[in-house]
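A short write-up of the structure that comes next.
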Number of protein chains: 2
Amino acid sequence: MARRGSYAKGVAKREEILERSLDVIAREGYRGASVKELADAVGLSQAGLLHYFDSKEELFTEILRKRDEVDARAYGGSSEVVSPDGLRDGFVGVIRHNADVPGLVQLYSRMAVDAADTSHPAHRYFVDRNSALRASFADGLRALQAEGRLTDVVDAETLARIVQAVADGLQLQWMQDPSTDMAGTVEAMFRALDPSVPAGDPKETS
Amino acid sequence: MARRGSYAKGVAKREEILERSLDVIAREGYRGASVKELADAVGLSQAGLLHYFDSKEELFTEILRKRDEVDARAYGGSSEVVSPDGLRDGFVGVIRHNADVPGLVQLYSRMAVDAADTSHPAHRYFVDRNSALRASFADGLRALQAEGRLTDVVDAETLARIVQAVADGLQLQWMQDPSTDMAGTVEAMFRALDPSVPAGDPKETS
DNA sequence: GTCTATAAAGTGATAGAC
DNA sequence: GTCTATCACTTTATAGAC
């Protein structure tokens with residue numbers, strides 16, 4: 001950001017790098033990859049890649065941002081006003097999709113841990129993203145509560161926090177054991193929190 | 001493990017190292033600490049510390065094990081047969097305690113990500129621990145279901161998975177923003193899943 | 001804009017003295 | 001059992017050629 005190469009061409013190349021990086025990491029995985037590894041995969045030298053980013057940490061933070069951008073386009077969860085069901089389905093859709101891109105899940109989780117440090121470039125990214133995400137969830141969940149399809153024993157903000165925690169926590173479980181059904185479990189959670197579902201007939205998860 | 005120094009004295013020293021490590025990491029935090037840093041903190045040279053462990057990864061895995069051992073003793077969640085309420089309260093107790101040991105939360109989360117790799121020494125630790133934990137949860141949750149204090153719309157195994165995910169996911173949120181009320185949110189979750197709680201009077205979280 | 005080359009600082013692990 | 005010393009690498013970042 002704010003680098004002198006921020007002219008049209010440089011920006012385009014930057015975007016291209018981020019998109020290629022997403023692709024490569026999604027396919028080939030991320031295990032604390034070095035700048036050099038990513039550079040090789042992207043077809044640049046290490047120095048050539050870092051020409052576009054101030055540091056490794058900034059580079060990987062931007063990759064996460066780009067991923068959100070792509071996901072938002074594909075699953076429409078961010079800018080538009082959508083129905084509560086649309087938001088819920090988009091959320092589940094992203095989770096289902098995540099099972100196909102293990103490297104990105106790993107990158108996200110790893111960065112989430114590293115960014116606990118307030119001086120990490122991704123710290124602000126996570127804080128902002130999480131609160132925006134939760135606010136958006138809370139709106140959708142409030143609407144579901146109003147329709148009687150979600151418990152109102154707990155306020156929507158707290159439920160949003162819980163929903164987000166489930167999604168992140170399931171990723172950790174899934175990384176250890178890829179047979180974990182992330183999307184199915186999230187759907188089960190919504191069912192469990194839906195007072196309009198009749199008791200006593202536990203449905204199968206998958 | 002299985003090192004020739006497995007005589008009484010060596011074992012005792014090993015235990016002492018692990019306990020000191022827990023203490024130091026809990027207090028001073030863990031940000032991908034090196035063996036040397038930990039060695040200094042524990043009062044040994046790097047080589048002196050590694051004399052007791054085969055590798056860095058094994059060392060940190062053992063620290064996690066020791067932590068479970070300590071927590072199990074303090075919050076009695078593992079070996080004994082306890083009431084469903086005891087198990088639930090122990091669980092919430094551990095979570096409340098975790099807010100006082102940020103370094104351990106960070107170590108745990110970091111290792112959970114790294115151990116996604118099946119060849120990581122902690123991989124088996126996490127797989128075993130998670131399934132044991134979930135089995136234990138499932139038992140307790142089943143009992144709660146039988147008493148009508150927990151939804152039976154979803155089977156106990158899946159609920160156990162959800163509960164674990166919430167705990168792990170909240171840790172990530174809390175690391176980014178320490179004002180996150182992990183224990184309170186978990187309690188809210190149990191309330192939200194309790195069909196005997198009357199609707200319509202959302203209680204405050206904390 | 002991209003490269004090669006290199007700096008500067010770690011890392012985990014091991015050999016060997018004591 | 002613990003230390004010092006050192007090995008063999010790897011890492012990010014930067015300087016400077018082209």
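Chain naming here is simple, since letters A, B, ... match the order of the sequence lines and numbering starts at 1 in each.
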Between the protein and nucleotides 3-7 of chain D, which nitrogen or oxygen pairs come in under 3.5 angstrom?
unit_1, atom_1, unit_2, atom_2, d
D:dC3, OP2, B:S45, N, 2.8
D:dC3, OP2, B:S45, OG, 3.0

Could you work out, with side chain to side chain contact (heavy atoms under 4.5 Å, CB included) as the rule, every residue matching [X], not counting sequence neighbours?
X      : answer
B:A183 : B:V92, B:I95, B:R96, B:D181
A:V94  : A:D71, A:Y75, A:N98
B:D40  : B:K36

Using the test side chain to side chain donor-acceptor pair (under 3.5 Å), find all partners of [X] that sit at least two apart in sequence or belong to another chain.
X      : result
B:E28  : none
A:Q145 : none
A:T118 : none

Which residues in residues 20-42 of chain A have at least one heavy atom lying under 4.0 Å from any atom of DNA chain C? none
Under 4.0 Å, heavy atom to any atom of DNA chain C: which of residues 103-113 of chain A qualify? none
Checking [X] now: which residues fulfil ring-ring contact (aromatic ring centres under 6.0 Å, His included) with it, not counting sequence neighbours?
X      : answer
B:Y108 : B:F126
A:F91  : A:F137
B:F190 : none

